[in-house]
Q: 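Before I ask anything, let me first share the structure, which is written out below as structure tokens.
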Amino acid sequence: MTAAETPDLTNRSAVPDTGRVDDDAGNRLPARWDGAAEALPGIARIAGTAWARSAAWTLGSSVRSGKLLAKAMTNPAAAGELVQEVARDLAVATRTVSDVARAVSDGVPLPRAVLDGTLTFSAAVLPEAEVRHVRREPSLRERGEELLQRSRDVWSDEEPHPAYARIIDELAPDEGRILLLLLRGGPQPSVDVRTGGPVGMVSSSLVAGGMNMIGPRAGVRYLDEVPSYLNNLFRLGLVWFSREQLEDPLEYQVVEAQPDVLEAMHSTRFTKVVRRSIHLTPFGLNFCKTCLVDREETTDLPTHQVPDES
């Protein structure tokens with residue numbers, strides 16, 4: 001190249017526009033390629049964004065390492081910092097590639113896995129404002145599309161229901177004991193005390209309802225909170241209250257002999273006892289098998305009724 005053909009690098013107007021901008025320290029860094037990437041369709045757009053972010057990480061790493069190298073030329077103490085910086089960048093790159101491969105093997109769609117992997121590169125070198133721009137939360141429609149993509153992947157080994165983690169955070173320790181009782185001990189008896197006699201045959205009102213022995217049998221710490229515990233388990237869809245009684249009538253003898261039941265029965269002249277039962281829902285049964293016991297304990301468990309439509 002002759003002198004006439006050599007561009008004047010001191011003249012900014014003579015330098016071709018490469019789409020780069022200077023940062024505050026005067027370094028030449030890539031500008032955003034998002035606009036160009038958005039113009040690409042489908043997976044090509046994802047690939048373009050991934051390439052852009054990877055290039056940004058590579059250049060940023062080179063700039064930082066170059067500064068440290070120049071500093072180490074005059075300050076031997078900076079050599080250790082240079083080694084640590086290079087090692088950190090290599091660790092970030094290796095970890096990102098491993099995360100993408102693991103995500104794909106777990107059934108995450110390839111475009112999503114690649115795009116998520118580039119966030120690690122961006123977080124390593126880009127300013128915080130730029131990182132926030134990259135980390136856009138997917139819309140509900142995008143999340144729905146990803147869900148349907150996973151449903152079409154016949155080779156995907158799906159993890160337990162995503163609601164399980166949230167449910168565990170909303171359970172009290174005593175409620176965990178109640179779930180174990182229902183899982184291992186089966187459905188539990190419950191009784192209502194209602195008005196009876198000749199008037200009760202026409203119109204019966206509730207005197208006391210939902211009395212049971214679940215608290216003592218489960219060994220809960222706060223017996224007075226058992227009604228609240230059961231309400232919360234019902235709210236989470238783990239248990240349901242059946243109007244049917246258990247097949248073995250002996251199950252109710254201990255309950256009906258409890259002081260609170262006897263007190264309710266003697267609170268009015270004519271009373272009657274209505275026998276009911278408390279069961280795990282199919283969802284609650286799967287939750288207990290997945291989260292509360294080992295796989296070896298999930299065989300030969302008592303059966304529970306399926307909730308009726310009412």
Q: Could you go through the side-chain contact (heavy atoms from CB on, under 4.5 Å) check for Asp260 and Met211 one step at a time?
A: CA-CA 8 Å; Asp260 55 345; Met211 290 180 289; 4.1 Å; yes
Q: Please name the pair of heavy atoms, one in Gly186 and one in Pro302, separated by the smallest distance, quoted to 0.1 Å.
A: CA-CB, 3.5 Å
Q: Examine the side chains of Arg194 and Ser204 and answer whether a donor and an acceptor come within less than 3.5 Å of each other.
A: yes
Q: Closest heavy-atom contact between Ser267 and Val207?
A: OG-CG1, 3.4 Å
Q: CD of Glu263: more than 12 outside heavy atoms within 6.0 angstrom?
A: no
Q: Does any non-hydrogen side-chain atom of Thr290 lie less than 4.5 Å from one of Thr298?
A: no
Q: Just how far is it from atom OG1 of Thr303 to atom NE2 of His279, taken to the nearest 0.5 Å?
A: 9.0 Å
Q: Nearest 0.5 angstrom please: Gln188 CD to Leu246 CG, how far?
A: 8.0 Å
Q: Do Val254 and Ile178 belong together in a cluster built from hydrophobic side chains that touch within less than 4.5 Å?
A: no
Q: Are Tyr229 and Phe287 in one and the same hydrophobic cluster, where Ile, Leu, Val, Met, Phe, Trp and Tyr link if side-chain heavy atoms are under 4.5 Å apart?
A: yes
Q: Side-chain heavy atoms under 4.5 angstrom apart, residues restricted to Ile, Leu, Val, Met, Phe, Trp, Tyr: same cluster for Leu179 and Leu285?
A: yes
Q: Which pair of heavy atoms, one from Asn212 and one from Val255, lies closest together, and at what distance?
A: CA-CG1, 4.1 Å
Q: Does the side-chain contact (heavy atoms from CB on, under 4.5 Å) test come out yes or no for Lys289 and Leu301, once each step is laid out?
A: CA-CA 10 Å; Lys289 289 180 178 180; Leu301 293 173; 3.8 Å; yes
Q: Would you indicate whether Asp224, at its atom CG, is surrounded by more than 12 heavy atoms from other residues, nucleotides or ligands within a distance under 6.0 Å?
A: no
Q: Locate the shortest heavy-atom distance separating Ile214 from Ile278; write the atom from each residue and the value.
A: CD1-CD1, 3.6 Å
Q: Taking NZ, NE, NH1 and NH2 as the nitrogens, is one of them in Arg184 or Glu297 under 4.0 Å from a carboxylate oxygen of the other?
A: yes
Q: Give a yes or no on whether a salt bridge exists between Glu256 and Arg275, defined as a side-chain N under 4.0 angstrom from a carboxylate O.
A: yes
Q: Crowded around Phe283 CZ? As in, over 12 foreign heavy atoms under 6.0 Å?
A: yes
Q: As an exercise, state the distance from NE2 of His266 to OG1 of Thr271, rounded to the nearest 0.5 Å.
A: 7.5 Å
Q: Between Asp192 (side chain only) and Leu206 (backbone N and O only), is there a donor and an acceptor less than 3.5 Å apart?
A: no
Q: So for atom CD, which belongs to Glu170, do other residues, nucleotides or ligands contribute more than 12 heavy atoms lying within a distance under 6.0 Å?
A: yes
Q: Report whether Met213 and Val226 are members of the same hydrophobic cluster (ILVMFWY, side-chain heavy atoms less than 4.5 Å apart, transitive linking).
A: no
Q: What's the spacing between Ser277 OG and Tyr252 OH if we round to 0.5 Å?
A: 5.0 Å
Q: Is there side-chain contact between Leu280 and Trp240, with heavy atoms separated by less than 4.5 Å?
A: no
Q: With rounding to the nearest 0.5 angstrom, report the CD1 to CD distance, Ile168 to Glu175.
A: 12.5 Å
Q: Within a strict 4.5 Å, meaning less than it, do heavy atoms of the Val193 and Val274 side chains meet?
A: no
Q: Within the structure provided, determine whether Tyr222 and Asp174 are in side-chain contact (heavy-atom separation under 4.5 Å).
A: yes
Q: Does Phe241 CZ have over 12 foreign heavy atoms under 6.0 Å away?
A: yes
Q: Would you indicate whether Leu250, at its atom CG, is surrounded by more than 12 heavy atoms from other residues, nucleotides or ligands within a distance under 6.0 Å?
A: yes
Q: Would you say Ser242 and Pro187 make side-chain contact, with heavy atoms under 4.5 Å?
A: no
Q: Testing the basics here: between Gly237 and Thr281, what is the closest heavy-atom pair and its distance to 0.1 Å?
A: O-OG1, 2.6 Å
Q: Do you know which two heavy atoms are closest between Phe234 and Val239, and how far apart they sit?
A: CD1-O, 3.4 Å
Q: With a cut-off of 6.0 Å (strictly less than), are more than 12 heavy atoms of other residues, nucleotides or ligands near CZ of Arg276?
A: yes
Q: Measuring from atom CG of Leu182 to atom CG of Leu238, what distance do you get when rounded to the nearest 0.5 angstrom?
A: 10.0 Å
Q: Among the clusters formed by ILVMFWY side chains lying less than 4.5 Å apart, do Leu183 and Val220 turn up in the same one?
A: yes
Q: With a cut-off of 6.0 Å (strictly less than), are more than 12 heavy atoms of other residues, nucleotides or ligands near CZ of Arg141?
A: no
